[in-house]
Amino acid sequence: MQFNSAQKQAIESKQPLVVVAAGAGSGKTRVLTEKIVSVIDEHFHDKDSNYGAPINEIAAITFTEKAAREMKERLASRMGEKAEAAGNREEKRFWLAQQEEVETAMIATFHRFCRQLLSRYSRYVEENGELAVLDETEAAMIKAELVEQLCKERQFANELNQLRRGLSLFALKRSLVAVHDAVREQRAGDDVISHFSPLYMWDKQINGAICEQQQQVAMIVKAVKRAAKELPPLSQLSKTEQKHAQSLTTLAQSLQLAANEEEAVAMMNEALPSRVQKAWQESLPSLYVFYEHNWKPFKKQWSERNQVASDRGLPLLKAFVTLLQAFAKRYADLKAQRLVADFSDLQQKAYTLLQLPKVAAACQSAYTHIMVDEFQDTNQVQLQIVQAINPAHLFFVGDEKQSIYRFRGADVAIMNEMAKKAAEINEGELIHLQENYRTAPQIVELVNELFAHVMAPGGEDALPYATSYVPLKAGRKPHTNKQALAAFHQLEKSNEARSFASLLQQTIADGMIEVEGEGKVRQAQWNDVAVLLPSRTNLPELEQAFAEAGIPYRVHGGVGFFEKQEVIDFLNVLNWLRRPFEDAYVVALLRSPLFGLTLSDLLTVNDCKEEHENLAVFLAKEEAPSLFANHPRLQQALKQYGEWIDLFLPFAFTGSVKEGLLQLFELTGLRYAVLSDTNGIQRVGNVEKLIDLFAQLNTTNLETLCLQMNRYIAASKNVPEAEVEQLEGEAVTIMTVHASKGLEFPVVCLPYMDQKRRPDTDAVYFDQEWDIVFQLKLDDRDPISTPAYFQAQEKRGKQALEEAKRLFYVALTRAKDYCLLAAADLSERRSWAEMVEAANEQSPLSAINWVESVKSGENVLNI
Ligand SMILES: Nc1ncnc2c1ncn2[C@@H]1O[C@H](COP(=O)(O)OP(=O)(O)OP(=O)(O)O)[C@@H](O)[C@H]1O
């Protein structure tokens with residue numbers, strides 16, 4: 001097997017701390033696998049070596065279960081090769097024995113690793129190590145239920161009512177769960193929330209805010225002095241200009257006499273003009289620039305932030321912390337009672353256990369090597385677990401430019417800092433892998449041109465969460481196609497999805513893209529294409545456009561579970577069963593594809609019933625269908641509705657919830673209808689997943705089941721579709737950029753380049769540095785914030801921008817042979833399109849073929 005020199009250096013380095021900062025497609029996984037082989041090899045040749053170790057002393061942490069499985073497969077096959085190539089019998093036996101241990105080796109996700117630690121070492125604290133693990137969906141359902149109960153019980157409590165003046169009940173419930181989850185992922189320690197002190201938090205934030213104000217004022221004072229120094233001679237100025245210039249000079253001299261920041265700002269307010277004139281650009285340039293670039297923004301910020309100085313926010317913070325602690329306690333108690341743990345608990349409990357010196361020491365000798373893949377997505381708790389074990393050798397592999405899990409608590413600053421440390425200390429080594437073997441050199445050139453502009457150049461003063469760009473080197477041979485391998489298409493504004501579908505249809509049908517594989521060149525087919533979406537928002541319209549255009553597709557690791565038609569249909573059936581005499585549910589059922597009535601059908605029905613008669617009651621009458629002899633389709637549907645009443649009402653479960661719902665799925669004909677639809681297997685899987693969710697709720701009462709499910713739907717954000725075996729066949733893959741991480745495709749399409757980045761809008765959230773921050777608008781008065789709210793917001797905005805850049809980088813670097821970028825509005829602010837435009841303006845991106853305008857159905861491609 002061939003490795004380049006940087007890869008070899010990473011594999012062979014024996015330093016206690018090695019950080020491998022690797023670009024996209026640079027062979028990270030390959031290097032990590034070979035690193036394990038090399039450590040084991042050393043152990044075979046020198047049993048006394050400090051560096052060598054057998055496989056059972058190595059913990060290799062991967063980001064997903066799938067990645068762990070793949071790594072085990074690769075490792076087993078490499079060990080097979082080593083056994084084949086062994087120089088003697090003993091060596092052969094050694095490798096075969098190691099190969100046998102691969103399956104049980106600690107090559108796993110952090111969660112599995114923690115679970116193993118708990119089951120091995122819990123005896124030290126007489127705790128039950130064998131906890132059942134709740135998956136994310138189950139945990140979210142329990143939390144939604146508990147927070148609901150809590151808010152109901154405390155509806156008259158003071159703290160709830162205080163917060164309700166500035167926060168809707170929905171937002172409050174959501175914030176409680178979100179802050180709870182963020183703390184559990186980002187702060188090590190099982191009892192952090194119970195120890196939260198609002199007074200301590202408030203003081204910390206006040207001190208931070210004061211410190212920042214002092215810095216800001218010091219900066220503005222410096223700027224005043226600079227501007228005064230650069231004033232032109234008074235003789236060149238008009239009378240008014242002379243007055244302002246003199247005033248600035250006096251201000252610069254007297255500012256040092258100010259007793260504090262407030263006084264300094266008051267002096268500036270008095271001495272500086274309230275406006276500047278355009279003409280001053282020429283006559284008083286230093287004053288003009290100072291006013292526009294320093295003073296104006298400072299003044300705005302100062303007045304905003306000074307509102308914070310009031311202590312009105314403290315009671316609100318106390319109220320929030322009280323509710324948060326009550327919620328955290330209930331959730332913890334319930335899990336203890338049921339002997340279950342969620343993913344965060346596994347990490348927290350492992351961390352707590354490792355605080356016992358006995359456990360840390362045992363673990364340190366059990367694992368002499370800890371290796372972490374995708375290190376850029378590690379969170380603080382995970383880092384502290386590794387640090388508590390403090391093994392003899394640490395090997396971290398990652399790409400800062402691909403850190404895209406901030407929303408789960410991943411902190412890119414961890415990798416940035418660790419890389420710095422590895423470069424600085426004697427026992428460390430930082431290795432860069434930049435040779436990209438995945439992507440055609442023409443696209444690598446584009447990626448370099450683009451991201452050198454988009455991402456910061458790095459250096460000493462780079463922000464800890466910013467991403468600096470180190471260019472990739474093209475490791476693949478140039479593509480045989482000499483044309484541009486990336487195109488940017490402008491789509492129709494009003495019809496983005498359709499116009500994209502039509503563009504893709506033409507491009508593939510006309511054989512316009514060539515891909516290379518196994519030394520051969522061929523035209524791209526549907527299977528080669530992946531459409532990557534920045535978020536799930538556009539999925540439904542894209543699916544519809546593809547279905548209309550006849551493009552075969554499959555949605556990978558789907559999203560938007562509760563927006564899927566089949567899930568909505570099944571919920572409609574259940575809602576009708578629990579309230580068959582409520583018109584809203586009857587209408588929803590009749591309009592669903594199960595009955596297929598249109599609005600005009602319903603109006604026809606409405607015309608036939610008595611004016612004040614309830615629709616549900618009218619339809620339940622036996623003679624109702626006979627009134628619609630002139631509308632055979634309508635009549636048929638109403639007959640079917642009558643049969644449903646006889647068959648299903650009144651509804652009660654006779655056996656388990658799961659059996660009952662599966663039976664309903666069958667008997668209503670929904671299973672058959674869903675199955676015969678496009679993507680039928682996936683759709684059936686989705687309804688079955690919904691049934692499983694219902695079965696996890698602890699009740700057999702349909703009313704309670706539906707209420708609990710509705711709460712869960714409101715509280716859950718990203719429930720993925722059911723995982724079903726995908727059938728073979730030619731189809732385009734549609735997935736989110738997040739899901740595409742670690743994968744590669746011959747052709748990558750990014751059709752929503754103009755999608756705006758959505759700002760984080762939570763009114764209350766958890767910040768690593770400042771703990772809980774918020775801004776609430778109470779009864780339409782001025783907003784009330786915690787003291788560090790503005791600092792936290794500013795940082796949050798910058799972090800979100802950095803993450804958006806990285807998401808774009810991940811998306812683009814999945815491509816092997818071709819990139820198709822598209823957008824309707826090229827200048828949309830806060831979008832990837834804007835990044836491309838800005839980079840192109842600064843220095844034209846020669847590797848892109850710009851296609852002006854593409855109308856659906858019209859062939860105007862000129863690649
Ligand atoms: N030295 C090498 N010579 C040739 N091909 C290589 C070499 N190293 C890695 N590759 C190939 O490069 C491709 C990309 O490797 P891999 O998927 O491990 O990259 P990665 O660093 O994990 O990428 P990403 O982070 O972008 O997902 C693979 O097909 C791999 O076999």
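Read the numbers this way: they start at 1 and go in the same order the structure lists the ligands and their atoms.
Ring planes of F110 and F113: perpendicular class, angle over 60° (limits at 30 and 60°). A perpendicular orientation is assigned to the rings of H738 and F407, their planes being inclined by more than 60° (bins at 30° and 60°). In this pair, H393 and H369 present their aromatic rings parallel. The plane angle is below 30°, not in the 30 to 60° band. The aromatic rings of F451 and Y809 stand perpendicular to each other, their planes meeting at an angle above 60°, with 30° marking the opposite boundary.
The side chain to side chain donor-acceptor pair (under 3.5 Å) search around E70 returns none, not counting sequence neighbours. For the salt bridge (Lys or Arg N to Asp or Glu O under 4.0 Å) test, residues two or more places apart in sequence or in another chain that qualify with K756 are E828.
Protein heavy atom closest to atom 29 (O) of ligand 1, with residue, atom name and distance, is E744 OE2, 4.2 Å. Atom 19 (O) of ligand 1 has G27 N, 3.2 Å as its closest protein atom, hydrogens excluded (heavy atom only). Looking from atom 22 (O) of ligand 1 to the surrounding protein, the closest heavy atom is T29 OG1, 3.3 Å. Here the protein heavy atom with the shortest distance to atom 3 (N) of ligand 1 is Y437 CE2, 3.4 Å.
No side-chain donor-acceptor contact under 3.5 Å links Q7 and E34. In the model, Q402 has no side-chain atom that pairs as donor or acceptor with a side-chain atom of E400 under 3.5 Å.
Neither the backbone nor the side chain of E435 has any atom closer than 4.0 Å to an atom of ligand 1 (non-hydrogen atoms only). With a 4.0 Å heavy-atom cut-off, ligand 1 is reached by no atom of K741.
Of the options K8, K28, Q2, R30, the smallest heavy-atom separation from atom 9 (C) of ligand 1 is shown by R30. With A24, G742, G25 as candidates, the residue nearest to atom 14 (C) of ligand 1 on a non-hydrogen basis is G25. For atom 26 (O) of ligand 1, the nearest non-hydrogen atom from the set R438, E374, E34, Q7 comes from R438.
A distance-only check finds no donor-acceptor pair linking the side chain of T33 to the backbone of R74 [under 3.5 Å].
Considering backbone and side-chain N/O atoms, R74 never comes within less than 3.5 Å of an N/O atom of ligand 1. Ligand 1 has no nitrogen or oxygen under 3.5 angstrom from a nitrogen or oxygen of F3. For the pair L743 and ligand 1, the shortest N or O to N or O distance does not fall below 3.5 Å. For the pair T813 and ligand 1, the shortest N or O to N or O distance does not fall below 3.5 Å.
A heavy-atom separation below 4.0 Å is not found between A22 and ligand 1.
Atom 11 (C) of ligand 1 lies below 4.0 Å from at least one non-hydrogen atom of the protein.
Checking each of R476, R438, R814 against E744 for a salt bridge (Lys or Arg N to Asp or Glu O under 4.0 Å) leaves exactly one that passes, namely R438.
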